[in-house]
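Please read the structure below before turning to the comments.
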4 protein chains.
Amino acid sequence: MNCPFGIKPRWERRKDARPQELLAAALDLFVEHGYAATRLEDVARRAGVSKGTLYLYFENKEELFKAVVRESIVPAIGDAEEYIASFEGPSAELLRWVIATWWERIGASKASGISKLLMAEASNFPDLAQFYRDEVISRASAMISSMLERGVARGEFKPMDINVATQVLIAPVLMLMLWKHSVGPCDQRILEPQAYLAQLTDMVLHGLLTTEQGGGGCADTR
Amino acid sequence: MNCPFGIKPRWERRKDARPQELLAAALDLFVEHGYAATRLEDVARRAGVSKGTLYLYFENKEELFKAVVRESIVPAIGDAEEYIASFEGPSAELLRWVIATWWERIGASKASGISKLLMAEASNFPDLAQFYRDEVISRASAMISSMLERGVARGEFKPMDINVATQVLIAPVLMLMLWKHSVGPCDQRILEPQAYLAQLTDMVLHGLLTTEQGGGGCADTR
Amino acid sequence: MNCPFGIKPRWERRKDARPQELLAAALDLFVEHGYAATRLEDVARRAGVSKGTLYLYFENKEELFKAVVRESIVPAIGDAEEYIASFEGPSAELLRWVIATWWERIGASKASGISKLLMAEASNFPDLAQFYRDEVISRASAMISSMLERGVARGEFKPMDINVATQVLIAPVLMLMLWKHSVGPCDQRILEPQAYLAQLTDMVLHGLLTTEQGGGGCADTR
Amino acid sequence: MNCPFGIKPRWERRKDARPQELLAAALDLFVEHGYAATRLEDVARRAGVSKGTLYLYFENKEELFKAVVRESIVPAIGDAEEYIASFEGPSAELLRWVIATWWERIGASKASGISKLLMAEASNFPDLAQFYRDEVISRASAMISSMLERGVARGEFKPMDINVATQVLIAPVLMLMLWKHSVGPCDQRILEPQAYLAQLTDMVLHGLLTTEQGGGGCADTR
DNA sequence: AATGAATGAGAATTCATTCAT
DNA sequence: AATGAATGAATTCTCATTCAT
């Protein structure tokens, strides 16, 4: 341990990695079993530490969960906000990017299980629901709205009720995440998320755009 | 009874009404909180009885839940099976009836919460999941399939892969139920189930029908 | 029911038999499962009545048990007391009768299970233990003692410490009852109660008698 | 620790001692009250810990009980097996040792209460009965049988039906344990276990031996 | 007399959280 | 920093007893 040659002893290597490992373990188990049914002991065990260690990094179960959300979902929103703020191209392209990237980072990953979990357990854990509304839903909505407003401001999108349009965009993505974690495991034959989202984007753009510059896919959904 | 001094008896004999009252209370709470988070004591209290009384009627939590499913969902499948077996009109009309009626009896009622609950907790309660697969999912699938086969046999529907088509029909209805109990409570603005289903039916029929006899916008669901 | 011809309607036939039926059912179940593990509901069911009816005849579980003891064991003691009081023959013969009859009426019957039960559960139910000591053990001991005293008084038995001799006589009978309900059910090969008791009586008599008038069996225990 | 103000810690770390303390407490209470009537909370309290702590060491009540049996009874069988296997002297001496040692280690200790308990409650807890048959009764029987077979093989004991002889040896020891925990507490005057067993051994040996080498009253049990 | 629905205290077990080491 | 032993509130289920009918 007092290694004079500056070689890091094995046990120290993990020092900073600990919280990450715990968050990863927690994400896995929360997604697999839900919030209430996930035992902190199992989280600790999966991360290879003891139950007590978990409490060194997270005040309690609720804070652990919040940390998981903050690590697995919130950054994607921040990145999207930045991308939108600095993007200079056509809004149609931006919208495509936002939706595709959202799916890649959240929908396709385990993080989407968090959304499903919250839908299932929100009523049992009002504090968690509140937190999720505050830090995820409203920020994500604001992000989408700002993107739409940009399109309208630049004359690329038709004038619209931004709030409603935001919901309309979010709904199918949410649904897809729900699907993936509820029916999906039983039956993968039906929905092809990527294709579904591409099609959705096209449909929306055909509706949103003032001219046909965003086009591409034929929006005959059937 | 007829006690002139208004003294309340410790309990009131309800006999035959009890099971129904208990099932109703259980349905409410299961839908509201999920399976694991529903306390039997609360179910009893909501039905106006004590913990012990519940056990007079249902062996344990699992059996109570099964009874709720058997009362709130299974009969609708049986009725649909009968309707299909005795129906003599065009298959397009039959399909409209099945979908519309399913929504009325299950989707629009609290019973739809049961489906959502199972999707959320199936992995934590394998026995319940098995039960639901056996008594609900397979029967409902068989019912839908038989309806499609009828249409094909009568030359009204195009030949098709019945299993896939069954899934395609079930999926949106399931999704709608999920939605209602997850996102719906937060935001009712977006999805109008009845309209959505009418549209879905029309779209499917345009795909299924060999000729255009199934009509277009005449979504007289009854 | 107001049968004018004096024919007893069927349901009334059992009127007086009820307590007996309940006691019989209780004896069976107490012996089979022990005191604590016997459910009053099962007793009632076995007697073909409802739980509530049981409480019409017996104040509570403890009183039911006492009644079982009073019906199945205590009378045998009374009868023996009477027999002893009125018996005029030789004390050796009396002793043989008492031991043989005790086995017939108690040891060989289910009632012996009550003794075993009490030995197992006495410490958990001090009131029951007290009751049993008062109404069974001391009376039976007194009965045996009086018989021995009679023999001594009539010069048939040697003078002795009556209390010790009483214990010495009771112990093997008790042991036999214990055996029957503990090891016996697993293995009937070894002990032949009747023969064992006959031998015991002979051995005791050879020790007790002032002369060899009581003899018979060779007391070589092997 | 070393707290100068004498404040007691909420609990004290005992680690390795805990299981033993819990087993000791459990043995006490099981013997005193029986299996069903022993409350785990009381076991914990007697060991000076809380309910939950018990579950750190034993999965449930049944496993706790099995552990008690495995600790308090099973090793004595193993030791006897070893002793028999390595013993080189006359079989009569071996038999004396086995019986005397059995009484010392099991019969005279609280462990004998476990046998009594099982006889009383076996029918209510079939799993426990099975376990006891498998891990205690059959092993002990085999041990006794092997000892008898050794005597026969070496020409020291007469040929015999080993199974019956095994039962004949076990029965009185069992009985003595039963006695100790049922009648014994009420009345210690009668049976003197050590003397009784010495006598038993002698009687058996007189029957078993081919010659008189096993001696008469020299009941030097060690 | 008879019923059986209803009660509620009590026992086993689980798990988030604390804290001495 | 890390551990893991210890805690105790909470939950499911049981059963002796009560009481309106």
Side-chain angles (χ1 to χ4, degrees), chain A residues 11-12 14-15 18 36-45 48-62 64, chain B residues 1-3 9-18 36-44 47-62 64, chain C residues 11-12 14-15 18 36-45 48-62 64, chain D residues 1-3 8-18 36-44 48-62 64:
Chain A
W11 68 264
E12 227 173 280
R14 297 180 165 259
K15 208 170 156 187
R18 272 288 145 73
T38 292
R39 276 171 280 148
L40 291 193
E41 176 143 29
D42 290 345
V43 172
R45 185 169 19 251
V49 302
S50 73
K51 235 190 313 184
T53 302
L54 209 161
Y55 279 85
L56 291 179
Y57 295 99
F58 306 98
E59 214 174 315
N60 53 36
K61 195 178 189 179
E62 189 172 329
L64 172 63
Chain B
M1 298 302 156
N2 264 343
C3 174
R10 278 204 314 164
W11 44 265
E12 204 181 333
R13 188 166 222 150
R14 299 302 306 273
K15 213 180 159 186
D16 295 340
R18 274 282 181 268
T38 292
R39 273 167 292 152
L40 292 191
E41 182 149 21
D42 289 346
V43 172
V49 301
S50 74
K51 230 177 343 171
T53 301
L54 214 163
Y55 283 88
L56 292 178
Y57 296 97
F58 305 98
E59 222 173 304
N60 52 37
K61 194 177 187 178
E62 188 172 331
L64 172 64
Chain C
W11 69 263
E12 226 173 285
R14 299 181 161 255
K15 211 168 152 188
R18 271 289 145 75
T38 292
R39 276 171 280 147
L40 292 192
E41 174 143 32
D42 290 344
V43 173
R45 185 172 19 254
V49 302
S50 73
K51 237 191 313 185
T53 303
L54 209 161
Y55 279 86
L56 291 177
Y57 295 100
F58 306 98
E59 213 174 314
N60 53 34
K61 194 178 189 178
E62 188 172 330
L64 172 63
Chain D
M1 296 302 158
N2 265 341
C3 175
K8 281 261 188 69
R10 279 203 315 166
W11 46 265
E12 205 181 331
R13 187 168 221 147
R14 298 302 305 274
K15 214 183 157 184
D16 295 340
R18 276 283 181 267
T38 293
R39 275 167 292 151
L40 292 192
E41 180 149 21
D42 290 347
V43 172
V49 300
S50 74
K51 235 180 332 174
T53 300
L54 214 163
Y55 283 86
L56 291 178
Y57 297 97
F58 306 97
E59 222 172 305
N60 51 37
K61 194 176 188 177
E62 187 172 330
L64 173 63

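Computed from a prediction, not measured in an experiment: that's the story for all the values here. The sequence lines fix the lettering, A, B, ..., with proteins before strands; numbering per chain opens at 1. Keep in mind that the numbers below use all heavy atoms, side chains included, and drop hydrogens, waters and symmetry copies.
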Of C:S50 and A:T38, whose closest DNA chain E nucleotide lies nearer the 5' terminus? C:S50
My understanding is that a pair needs two contacts under 3.5 Å, Watson-Crick or G-U wobble. By that rule, which nucleotide pairs with E:dG8? F:dC15
For B:K61 and E:dA12, what is the distance between atoms NZ and P respectively, to the nearest whole Å? 21 Å
Within this structure, what is the CZ-to-P distance between A:R45 and F:dA2, rounded to whole angstrom? 19 Å
In terms of the nearest nucleotide of DNA chain E, which residue is placed more toward the 5' end: C:L54 or D:G52? C:L54
Answer for the Watson-Crick or wobble partner of E:dA20, both distances under 3.5 Å, is F:dT3
Judged by nearest nucleotide, the residue sitting upstream toward the 5' end of DNA chain F, C:E62 or B:L40, is B:L40
Taking CZ from D:F58 and C1' from E:dT14, how many angstroms apart are they, rounded to a whole number? 18 Å
For C:E59, is the CD atom crowded, meaning more than 12 foreign heavy atoms sit under 6.0 Å from it? no
Under-4.0 Å side-chain N/O to phosphate OP1/OP2 contact, D:T53 with F:dA6: no
Counting only side-chain N and O atoms of B:Y55, is one of them less than 4.0 Å from OP1 or OP2 of F:dT14? no
D:Y57 vs F:dA5: side-chain N/O to OP1/OP2 distance below 4.0 Å: no
Spatial distance of atom CG (B:L54) from atom CZ (B:R18) [nearest 0.5 Å]: 10.5 Å
D:E41 CD to E:dT14 C1', in whole Å, measures 14 Å
Atom pair distance, as rounded to whole Å: CG in D:N60 and P in E:dT14: 8 Å
Enter the distance from A:S50:OG to A:E41:CD here, rounded to the nearest 0.5 Å. 9.5 Å
Select base, sugar-phosphate, or nothing to describe what B:L56 touches, counting heavy atoms under 4.0 Å on all strands. base
In whole angstrom, give the distance that lies between atom CG of C:L64 and atom P of F:dC15. 16 Å
Separation of E:dA16 atom C1' from A:E59 atom CD, nearest Å, is 13 Å
Return the 5'-most residue of the pair D:V49, B:R39 with respect to DNA chain F, ranking by each residue's nearest nucleotide. D:V49
Do the side chain of D:K51 and the base of E:dT13 come within less than 3.5 angstrom through a donor-acceptor pair of N or O atoms? yes
In Å and rounded to the nearest 0.5 Å, what is the CZ to NZ distance from A:R39 to A:K51? 10.0 Å
Considering non-hydrogen atoms only, spot the tightest contact between D:K61 and D:A36 and give its length. NZ-O, 3.2 Å
